[in-house]
Amino acid sequence: MSAATNDAAITPEIVAEHGLSPDEYDKALTLLGRAPNLVELGIISVMWSEHCSYKSSRRWLKTLPTEAPWVICGPGENAGVVDIGDGLAAIFKMESHNHPSYIEPYQGAATGVGGILRDVFTMGARPVANLNALRFGSPEHPKTRHLVRGVVAGIGGYGNCVGVPTVGGECTFDPGYDGNILVNAMTVGVAPADRIFYAKASGVGSPIVYVGSKTGRDGIHGATMASASFDEDSEEKRPTVQVGDPFTEKLLIEACLELMATDCIVGIQDMGAAGLTSSSVEMADKGAAGVMLDMDQVPVREEGMTPYEIMLSESQERMLMVLRPGREAEARAIFEKWELDFAVIGEVTDSRHLTLRSGGKIVCDLPVEMLATGLQYDRPWETPAAPAPLPASVPALSVKDDLLKLLSSPDLASKRWVWEQYDHMVMADTVQRPGGDAAVVRVHGTERGLAMTTDCTPRYCAADPVTGGRQAVAEAWRNLTASGARPLAVTDCLNFGNPQRAPVMGQFVLCIQGMGEACRVLDFPVVSGNVSLYNETDFASIPPTPQIGGLGLIDDIGRMAQPAIRAEGETLILIGDGEGHLGASLYLRMATGADAGMPPPVDLEKERRNGDFVRGLIAEGVTTTCHDVSDGGLLVAAAEMAMAGGIGIALEGPEDAGWLFGEDQGRYLLAVPEDAVETVLKAARSAHVAAAAVGSTGGSALTLNGANAICVDELRAANERWFPAYMSGPVESGGDD
Amino acid sequence: MMKAKVHITLKTGVLDPQGKAISHALDSLGFDGIEDVRQGKYIEIRLAETDAETARSKVEAMCSRLLANPVIENYSIELE
Amino acid sequence: MMKAKVHITLKTGVLDPQGKAISHALDSLGFDGIEDVRQGKYIEIRLAETDAETARSKVEAMCSRLLANPVIENYSIELE
Amino acid sequence: MKAAVIVFPGSNCDRDIAVALEACMGHAPAMVWHRDSELPDVDLIALPGGFSYGDYLRSGAMAVHSPAMREVVARAERGVAVLGICNGFQVLTESGLLPGALMRNRDLRFVCRDVWVRVETTDSVFTTGLQKGECMRFPVAHNDGSYFVDDTTLATLQDADRIAFRYVTPDGQVTDDANPNGSRAGIAGVLGPSRNVLGMMPHPERLVDEAQGGTDGRRFFEGLLNALETAR
Ligand SMILES: Nc1ncnc2c1ncn2[C@@H]1O[C@H](COP(=O)(O)OP(=O)(O)O)[C@@H](O)[C@H]1O
Ligand SMILES: [Mg+2]
């Protein structure tokens with residue numbers, strides 16, 4: 001961009017193209033005391049966007065509990081940090097890449113994985129596991145198959161290449177996501193607890209260094225690209241899609257970790273969504289400093305890139321760091337060994353301004369505070385409409401058929417097709433593979449295990465956001481508990497529709513309220529997260545989806561539990577109780593074709609009692625077989641345990657849809673040896689926990705009261721059938737591979 | 001019978017990690033003067049079709065519906 | 001400055017699962033008369049070189065040393 | 001007994017195999033950066049799994065040209081045992097130390113799961129500790145694992161008893177379903193002409209302790225290390 005272009009007057013049209021409202025622009029004029037130039041406008045608009053400023057959500061996020069004795073660093077940094085003993089810390093975070101994945105599923109999902117990995121290793125952690133929570137539209141929607149295929153291939157393509165195992169996640173389908181799929185990626189890493197790196201620029205005169213890939217014109221916003229002046233000779237409309245380069249990311253991980261073993265680094269920050277802009281502003285802000293960058297020093301991929309483009313580019317696989325003065329050569333040698341770009345592009349100043357130089361001229365001079373503080377709104381909200389009432393009658397129960405139908409329905413079908421495309425074993429520490437409750441990854445070189453899970457039940461959140469928010473947290477906590485882990489903390493990814501609609505804002509506010517309640521009672525603080533709003537098409541918003549990522553710790557992986565039945569002749573014990581709640585259940589959806597009714601209530605005190613009791617049994621070695629009861633209820637849970645272990649179960653109880661398929665919360669199924677049953681039941685009584693023997697293990701079939709036998713092989717066939725069959729259908733729209 | 005030769009290339013400005021890596025590897029093999037490498041796909045389709053116009057419009061449709069990813073790729077078609 | 005266009009194709013007799021999958025996908029999208037599809041690679045190399053002979057022999061060497069695997073692939077070179 | 005692991009940019013099972021070797025040998029192998037043109041004096045060279053150079057262009061193609069690989073080829077010709085796992089197998093075929101090529105999986109999808117393989121020959125340092133015909137469970141994790149050789153080469157491999165492992169069902173049958181990637185003749189691992197080079201797609205290093213869900217990999221390494229120790 002020539003200086004002349006940058007000095008061009010800012011018209012209301014240009015302001016609007018940058019997504020700033022007239023009020024917001026007025027606020028910028030006031031704070032600045034003058035009109036911004038084009039580069040400055042671009043930077044302000046990015047920093048004041050919902051994505052960077054959390055302007056609609058911040059007020060509510062602050063209400064979440066974020067502290068516990070084991071929390072080393074809560075929200076506000078690139079990722080959350082918790083103590084896991086032995087002088088180590090786990091660093092983790094979840095992030096959305098929803099819109100890019102809808103536009104270009106392979107690259108969108110791949111770069112989502114790349115982005116979340118960087119948030120974790122930028123803090124000094126070696127990434128040890130990835131998870132991903134996927135929400136697709138109806139399987140019948142013409143785009144769904146193409147999206148599933150591309151997203152799954154993209155997540156695998158990136159994670160497999162960087163060599164971080166993808167060990168868990170979710171994948172469900174609902175017409176509410178037809179026009180807005182959700183791709184939420186989570187990374188967990190491990191670092192020495194005393195060597196955590198923060199995004200802080202300090203030490204006036206310290207060099208600011210750019211490492212990684214070169215900057216291209218990726219992802220520069222469509223609106224801003226519309227201004228012809230930026231790219232007069234562009235012969236084709238430039239794509240705004242970013243392409244991931246996992247090979248470079250792998251090198252970047254190794255190079256950064258190698259440099260982090262020295263004491264060269266003052267602060268380090270990945271270049272995320274808003275690239276060089278947000279990384280430099282955040283570092284300056286956290287260090288209460290200023291930053292001067294020379295655009296001419298930034299490694300670029302294309303000729304003639306303007307400061308505007310350089311600052312707004314979303315090219316992947318780049319990091320920004322502040323080094324101790326005089327240590328540049330040492331750092332450079334490491335990056336050159338890994339064949340990555342390394343450039344000193346500026347220095348820390350005391351101006352508290354973001355100052356940019358290009359061709360010897362100052363092209364931007366903005367106060368950091370104005371950019372970092374951003375805007376904050378208190379958007380009006382209202383309680384969304386209540387769900388449809390439960391239908392007066394449900395088709396008669398047919399236990400066998402209903403179970404087989406549920407097991408082969410999209411949401412409950414085995415996700416093997418998905419996770420077999422992910423290398424879930426690289427690093428050789430995966431001790432609980434995908435397909436169970438929580439995945440467990442051994443902390444390398446120790447006998448400890450990190451348990452991890454992602455959870456959310458959007459149909460509950462849609463029916464009643466407070467209960468849905470509680471349930472998402474409780475289910476994550478329960479999944480960790482079922483593996484024997486002590487739940488430590490939560491990362492979240494709050495996916496909602498348009499916050500400028502009061503009922504959508506209401507969903508957001510109420511889900512957070514429910515989450516906060518659950519996090520408090522369960523001692524399960526939120527240490528990192530991300531918000532994705534405006535997931536809406538043609539005025540239809542997605543179901544509220546506060547995705548929870550949970551992390552827990554197992555002190556001795558020799559005492560870990562998993563869902564597979566491992567022995568014949570054991571007794572199946574149900575922990576927890578309920579009245580057979582069918583509202584908002586998958587059974588109801590299957591039987592009537594629609595969602596109706598309130599979700600099952602979440603009694604948090606009971607949840608905690610039951611979970612603590614189960615964890616105690618696992619820790620004492622009383623059982624190693626445990627599965628939580630969730631989607632599909634008791635019968636589905638029992639079937640999953642039988643399928644996982646290849647051993648049958650004889651279940652006994654009322655032949656009643658509520659008992660069999662109700663989704664009452666706070667429940668677990670355990671298999672315990674005969675001689676431990678009395679002890680367990682007695683201990684449960686004294687702990688005020690409901691517990692009852694509901695069956696026994698053995699044989700090759702699942703039976704109910706001695707009848708309704710279904711072979712485990714038939715269960716498996718039903719459960720494994722849907723996904724591969726669905727995916728073998730025709731796919732349109734190019735770009736396989 | 002006709003043969004269609006389809007070239008699928010990345011749009012200008014789209015990062016090509018493969019091309020970048022190839023260029024780098026050629027460099028380290030000692031080949032000098034390499035300014036840029038871009039990798040694309042080359043697809044040959046044999047069609048039971050005799051009319052060139054029909055063939056072309058068919059292959060056009062194949063490209064836009066399946067073979068190329070319109071978000072990041074361009075394509076070109078030659079018929080023989 | 002010259003541009004080399006390199007086509008790398010699978011030798012006859014080498015199974016091409018990608019080509020087969022494309023042909024299958026085109027079928028299921030309703031395209032008829034597809035007899036065969038083969039997928040190869042197309043690599044464009046921009047060279048700081050003015051002499052066509054030198055350029056060609058350089059690109060030949062690139063192909064035989066790195067770009068193509070003689071066990072399964074053939075290559076051809078065009079210069080511009 | 002000494003071993004070295006070659007590390008390429010993009011290798012990602014280098015640590016895994018080092019851990020497995022250390023567990024079986026009692027001491028750590030030497031880690032050799034691809035740019036090193038000198039290798040320590042070792043009895044075993046391992047080429048690890050991963051995505052050297054991103055697997056861009058062709059899996060294993062770029063790694064072949066590293067200085068360390070030139071030395072590996074020289075050592076292999078002098079009879080040193082060379083084991084390539086997954087990406088290491090791809091590097092070995094690209095380097096010409098092993099015949100054939102590893103092409104895109106039959107289903108065009110990355111595949112990560114446990115497979116069964118049958119030991120086809122015990123006539124090599126790698127397999128002499130195993131039983132001919134026995135079945136072992138190893139994980140696979142690859143995109144390009146479909147082993148291709150032409151008819152003549154396949155006949156040579158068969159005649160010379162150079163097929164080390166085949167994909168089989170748990171009870172030892174070679175079937176299409178048991179073959180995770182479409183490899184010709186169900187080949188999961190092959191030996192070089194002098195029987196001191198083995199390339200295999202499965203990852204024995206991922207099953208060396210009970211916590212990982214099995215120990216067939218440990219048996220494989222122990223057999224190999226014993227044989228090398230004896231041969232010293
Ligand atoms: N829903 C949330 N709950 C808790 N913390 C959040 C949430 N959303 C964002 N945060 C925190 O706010 C900070 C900024 O988030 P974000 O902009 O997504 O980070 P980054 O720039 O690293 O991608 C991070 O520390 C993140 O953990
Ligand atoms: Mg970040």
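Atom set for the values below is all heavy atoms of this structure, side chains included, hydrogens, waters and symmetry mates excluded. To find a chain, count down the sequence lines: A is the first, B the second, and so on, and within it residues start at 1.
No part of B:Ala4 comes within reach of chain C, as not one of its non-hydrogen atoms sits under 4.5 angstrom from that chain.
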Present all donor-acceptor pairs from chain B to chain C with distances below 3.5 Å, rounded to 0.1 Å.
from	atom 1	to	atom 2	distance (Å)
B:His7	NE2	C:His7	NE2	2.5
B:Asp32	O	C:Lys58	NZ	3.4
B:Asp32	OD1	C:Lys58	NZ	3.1
B:Gly33	O	C:Ala48	N	2.7
B:Glu35	N	C:Arg46	O	2.7
B:Asp36	N	C:Arg46	O	3.4
B:Asp36	O	C:Arg46	N	2.8
B:Arg38	N	C:Glu44	O	2.9
B:Arg38	O	C:Glu44	N	2.9
B:Gly40	N	C:Tyr42	O	2.6
B:Gly40	O	C:Tyr42	N	3.0
B:Tyr42	N	C:Gly40	O	3.0
B:Tyr42	O	C:Gly40	N	2.6
B:Glu44	N	C:Arg38	O	2.9
B:Glu44	O	C:Arg38	N	2.9
B:Arg46	N	C:Asp36	O	2.8
B:Arg46	O	C:Glu35	N	2.7
B:Arg46	O	C:Asp36	N	3.4
B:Ala48	N	C:Gly33	O	2.7
B:Lys58	NZ	C:Asp32	O	3.3
B:Lys58	NZ	C:Asp32	OD1	3.2

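Every residue meeting the side chain to side chain contact (heavy atoms under 4.5 Å, CB included) condition with B:Pro17, not counting sequence neighbours, appears here in chain and number order: A:Val243, A:Asp245, B:Leu15, D:Tyr56.
In terms of non-hydrogen atom pairs under 4.5 Å with chain B, the most contact-rich of C:Ile8, C:Leu47, C:Ile22, C:Leu67 is C:Leu47.
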